[in-house]
2 protein chains.
Amino acid sequence: MLISEYTVEQLERAASMLKAIAHPMRIAILNQLENGKRLTVTQIHETLGIEQSTASHHLGILRDKDVLVAKREGKNTYYSIKHERLNTLIECISTCACE
Amino acid sequence: MLISEYTVEQLERAASMLKAIAHPMRIAILNQLENGKRLTVTQIHETLGIEQSTASHHLGILRDKDVLVAKREGKNTYYSIKHERLNTLIECISTCACE
DNA sequence: AGATCATATCGGCAAATTAACATATCAAAA
DNA sequence: TTTTGATATGTTAATTTGCCGATATGATCT
């Protein structure tokens with residue numbers, strides 16, 4: 001079934017990605033990862049001043065919804081933005097909120 | 001206080017806008033309103049096949065979070081996208097979800 | 001004022017989310 | 001294999017959400 005040229009599945013997938021992003025701390029995380037930067041859980045948790053488990057939790061949500069990809073390298077897991085196009089979205093919402 | 005070049009308030013505002021958008025039915029609504037289109041509550045409720053009260057509810061959420069603007073004209077209330085830039089965001093998330 | 005169309009709000013309940021903390025797993029080094 | 005650093009998961013309970021039907025408000029016409 002189609003609703004407005006997209007299927008229900010596509011709408012749900014889009015919503016779940018957006019929902020993952022729609023959190024102040026996760027937007028802050030995404031700002032840190034703009035333009036292809038890669039950071040570990042510890043770097044995020046230290047930079048943003050949040051609990052390690054909280055950082056991991058937020059990163060996990062973003063990974064599960066295909067916003068970020070994780071790559072384990074030794075003890076560390078590096079996170080980065082999965083789709084180039086998402087940089088546009090981050091920038092867009094950040095500037096929209098500043099008016 | 002600043003987190004990643006944005007204030008907490010800006011991050012919260014961005015998150016609350018995104019949260020408003022992050023719902024399958026509301027993304028469908030925004031698709032209907034792309035590129036400056038204006039629609040009434042009844043048009044939305046009939047086009048998308050949802051209850052009138054549900055349509056009004058979703059539109060209210062989007063208006064409250066500054067995603068849409070409402071303009072009353074006689075019996076009808078016309079809704080439309082508030083910031084041009086949001087069209088980019090809608091398109092971006094819709095295409096991201098189609099891969 | 002009364003009738004009718006359009007929109008907004010209320011009450012209720014099941015379902016989904018959230019935050020915070022403790023704990024568990026994984027990887028390398030000693 | 002024990003220890004330590006790094007990351008991931010589980011468990012709570014409190015809050016929030018979505019949807020529905022019903023009802024209330026607003027606007028226009030007779």
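Keep in mind the model is a prediction, meaning the values are calculated, not measured. Throughout, a chain's letter reflects where its sequence line sits, starting with A, and its residues are numbered from 1.
- Listed by first and then second residue, the ring pair (Phe, Tyr, Trp, His ring centres under 6.0 Å) pairs that reach into residues 26-67 of chain B are B:His23-B:His58, sequence neighbours excluded.
- The closest side-chain heavy-atom distance from A:Leu86 to A:Met17 is below 4.5 Å.
- If you check every strand for non-hydrogen atoms under 4.0 Å, A:Gly60 touches nothing.
- A heavy atom lying under 4.0 Å from DNA chain C marks the following residues of residues 75-83 of chain B, by number: B:Lys75, B:Asn76, B:Thr77, B:Tyr79.
- Bounding nucleotides for the chain B contact on DNA chain C, 5' to 3', at a heavy-atom distance below 4.0 Å, are C:dC5 to C:dT9.
- Under the salt bridge (charged side-chain N to carboxylate O under 4.0 Å, His left out) criterion, B:Arg63 pairs with no residue, sequence neighbours left out.
- Partners of B:Ser56 according to the side-chain contact (heavy atoms from CB on, under 4.5 Å) rule, which considers only residues two or more places apart in sequence or in another chain, are B:Val41, B:Gln52.
- Among residue pairs with one or both ends in residues 16-35 of chain B, none qualify as salt bridge (charged side-chain N to carboxylate O under 4.0 Å, His left out); sequence neighbours excluded.
- Pairs of residues two or more places apart, or lying in two chains, that qualify as salt bridge (charged side-chain N to carboxylate O under 4.0 Å, His left out) and include a residue from residues 67-83 of chain A are A:Arg38-A:Glu73, A:Asp66-A:Lys82, A:Lys71-A:Glu73.
- Pairs of residues two or more places apart, or lying in two chains, never qualify as ring pair (Phe, Tyr, Trp, His ring centres under 6.0 Å) while including a residue from residues 78-99 of chain B.
- Taking CG of A:Leu39 as the reference point, atom OG1 of A:Thr47 lies at 6.5 Å (rounded to 0.5 Å).
- Using a distance-only test at 3.5 Å, with no hydrogens or angles considered, a donor-acceptor pair links the side chain of B:Asn87 to the main chain of B:Glu84.
- At whole-Å resolution of the value, CZ in A:Arg72 and P in D:dA6 are 11 Å apart.
- Across the protein-nucleic acid pair, A:Glu73 atom CD and D:dT7 atom P stand 11 Å apart, rounded to whole Å.
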Is there a side chain to side chain contact (heavy atoms under 4.5 Å, CB included) between B:Ile81 and B:Leu68 once you walk through the steps?
-> CA-CA 4 Å; B:Ile81 291 179; B:Leu68 298 182; 3.9 Å; yes
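- Checking the phosphate oxygens (OP1, OP2) of D:dA8, a side-chain nitrogen or oxygen of A:Ser56 falls inside 4.0 Å.
- In this entry the distance linking CG of A:Asp64 with P of D:dA8 reads 11 Å, nearest Å.
- Judged as a side chain to side chain donor-acceptor pair (under 3.5 Å), and not counting sequence neighbours, the contacts of B:Thr95 are A:Arg85.
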What one-letter contact string describes nucleotides 15-22 of chain D from 5' to 3', where B marks a base within less than 4.0 Å of any protein heavy atom, S marks contact via sugar-phosphate atoms alone, and - marks no contact?
-> --SSSSBB
